[in-house]
**Q** 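Following this message is one structure expressed as structure tokens.
These values consider heavy atoms only, across backbone and side chains, with no hydrogens, waters or symmetry-generated copies. Because the structure is a prediction, the values reported are computed rather than measured. Whatever order the structure lists ligands and atoms in, that order sets their numbers, starting from 1.
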Amino acid sequence: MPKRIAVLTSGGDAPGMNAAIRAAVRSGLDRDWVVYGVEHGYNGLVSGQFRVMTARDVGGIIQRGGTILGSARCPEFKTVEGRRKALRELNQEGIEALVVIGGNGSQTGAHALHEMGFPVVGVASTIDNDLVGSQITIGVDTALNIALEAIDRLKVTASSHQRAFLVETMGRNCGYLALMAGIAGGAEAVCVPEFETSPEALAEVIEEAYERGKAHAIIVVAEGAKHNAQALAQYFIDHNEALGFALRVTQLGHVQRGGNPGAFDRILATRLAARAVEEIDKSNYGVLAGQLKGEITTTPLAELVGQTKGIDPYLFELAREMAY
Ligand code: ADP
Ligand code: F6P
């Protein structure tokens, strides 16, 4: 009997998830295993939405954003009963191991299933880059480049009109996307959840940039910052702040998630998912395939649960220094 494994994508989709599905399927097929795709993340796991994947099913998808399997948020999987349902479905199909491609929440779910005795290996994939166990996760690089393209364009129109733009990035509770977009986009200020910037302090930064003769001010604000972009704009209106520049707000939102993956994410996804299948082959379960110090590594899922990767204070300071 050939070994049967399954692969799913869960949580917020990330550019490169398709490349990861392709790699998991083809690495499994290379070992003469049967590989199932699970539709719509953990929703498909609890309701038995499995389909056998062939090499052709994953053809022509490496360059596509999103996930051909679909993704979802599944509250039921957070309950023991939900996970028991998933176990019943997996056992009924004779599936022996599962690859979970997803972010922090998804890997917490993977760990919970593994704790119930099922062999699971995770693949680090989220644009938020908040997962301990991988310095960079699948989707981050592409999302960052999308944010940068927007910032570059906003800077053009900002300069024409001597305006300040509050540009809000995604990232949930992690400021990584905002910080890196701020550094690479030459922002005048960056607001992240990890380091608080008061509206008063930010007003001062914008005003000083105006006084130094800048034609624009770009402020990148992480959605999880204490004061998000809308709140900051409202504060400036309510307090009649004399910023110098007129102010506009742009929320990048899901635009950042929807792009086609760049080379970095395609390669990272291919390597991480292939490594996940290798770990299954070695019966090394309950781990996350990630990248640490340039190497493809595995970290026990137990070490990630409840953790959020922080951002480098040096880089936050560098963003400030470069804004002069
Ligand atoms: P991401 O994986 O992108 O961080 P979420 O945090 O929304 O996305 O998590 C995706 C899914 O993972 C959730 O909808 C849920 O099904 C599962 N999950 C999250 N946290 C847990 C948990 N504590 N226990 C079991 N499953 C969880
Ligand atoms: O986890 C990825 C992410 O895009 C976060 O950055 C964001 O907070 C969240 O998902 C948005 O979720 P939804 O797609 O459910 O609106």
**Q** Report yes if the distance between the aromatic ring centroids of Y235 and H239 is under 6.0 Å, otherwise no.
**A**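 Centroid separation for Y235 and H239: below 6.0 Å.
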
**Q** Any chance you could measure T299, atom OG1, to Q307, atom CD, to the nearest 0.5 Å?
**A**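 Taking OG1 in T299 and CD in Q307, the distance rounds to 11.5 Å.
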
**Q** With L232 as reference, evaluate H227, E168, K226 under the side chain to side chain contact (heavy atoms under 4.5 Å, CB included) test and give the passing residue.
**A**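 Only one of H227, E168, K226 forms a side chain to side chain contact (heavy atoms under 4.5 Å, CB included) with L232, namely H227.
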
**Q** Provide, to 0.1 Å, the distance between atom 2 (O) of ligand 1 and the closest protein heavy atom, together with that atom's residue and name.
**A**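 For atom 2 (O) of ligand 1, the nearest protein heavy atom comes out as S106 OG, 2.5 Å.
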
**Q** Mind checking whether F77 contacts ligand 1 via backbone (N, CA, C, O), side chain (CB onward), both or neither, at a 4.0 Å heavy-atom cut-off?
**A**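 Both backbone and side chain.
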
**Q** Which one of R172, E223, R257 has a non-hydrogen atom at the shortest distance from atom 4 (O) of ligand 2?
**A**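 It is R257 that holds the nearest heavy atom.
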
**Q** Considering non-hydrogen atoms of the protein only, which is the closest contact for atom 5 (P) of ligand 1, and what is the distance?
**A**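 Result: R73 NE, 3.7 Å.
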
**Q** Please state which protein non-hydrogen atom is closest to atom 16 (O) of ligand 2 and give its distance, to 0.1 Å?
**A**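 Checked against all protein heavy atoms, atom 16 (O) of ligand 2 sits closest to H254 NE2, 3.0 Å.
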
**Q** Is it the case that ligand 1 has an N or O less than 3.5 angstrom from some N or O of G12?
**A**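 The answer is yes, given that G12 and ligand 1 share an N or O pair closer than 3.5 Å.
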
**Q** At what distance is the nearest protein heavy atom to atom 11 (C) of ligand 1, and which residue and atom is it?
**A**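 Its nearest protein heavy-atom neighbour is S10 OG, 3.7 Å.
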
**Q** For ligand 1, is there an N or O atom under 3.5 Å from any N or O atom of G105?
**A**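 Yes, since at least one N or O of G105 sits under 3.5 Å from an N or O of ligand 1.
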
**Q** Report yes or no: does a heavy atom of T126 sit under 4.0 Å from some atom of ligand 1?
**A**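 T126 does not count as a contact of ligand 1 under the 4.0 Å cut-off.
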
**Q** Is the shortest distance from a heavy atom of G103 to ligand 2 less than 4.0 Å?
**A**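 Judged by the 4.0 Å heavy-atom criterion, G103 does not count as contacting ligand 2.
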
**Q** Tell me whether the guanidinium CZ or amine NZ of R212 lies under 6.0 angstrom from the six-membered ring centre of Y324 and within 45° of its axis.
**A**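 Yes.
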
**Q** Measure the CD-CG distance between Q256 and L177 for me, rounded to the nearest 0.5 Å.
**A**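 The CD atom of Q256 sits 6.0 Å away from the CG atom of L177.
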
**Q** So is Q256 in contact with ligand 2, going by heavy-atom distances below 4.0 Å?
**A**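 The answer is no, since Q256 has no heavy atom less than 4.0 Å from ligand 2.
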
**Q** What is the closest protein heavy atom to atom 15 (C) of ligand 1, and at what distance does it sit?
**A**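 Of every protein heavy atom, C74 O, 3.4 Å lies nearest to atom 15 (C) of ligand 1.
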
**Q** Starting from atom 26 (N) of ligand 1, find the nearest protein heavy-atom neighbour and note its residue, name and distance.
**A**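 Protein heavy atom at minimum distance: G109 CA, 3.3 Å.
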
**Q** Could you say whether the N/O atoms of D128 and ligand 2 ever approach to under 3.5 Å?
**A**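 The answer is yes, given that D128 and ligand 2 share an N or O pair closer than 3.5 Å.
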
**Q** Looking only at distance, does G171 have an N or O less than 3.5 Å from an N or O of ligand 2?
**A**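 Yes; at least one N/O pair falls below 3.5 Å.
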
**Q** Considering only protein heavy atoms, which is closest to atom 23 (N) of ligand 1, and at what distance to one decimal place?
**A**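 Going atom by atom, the protein heavy atom closest to atom 23 (N) of ligand 1 ends up being T108 CG2, 3.3 Å.
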
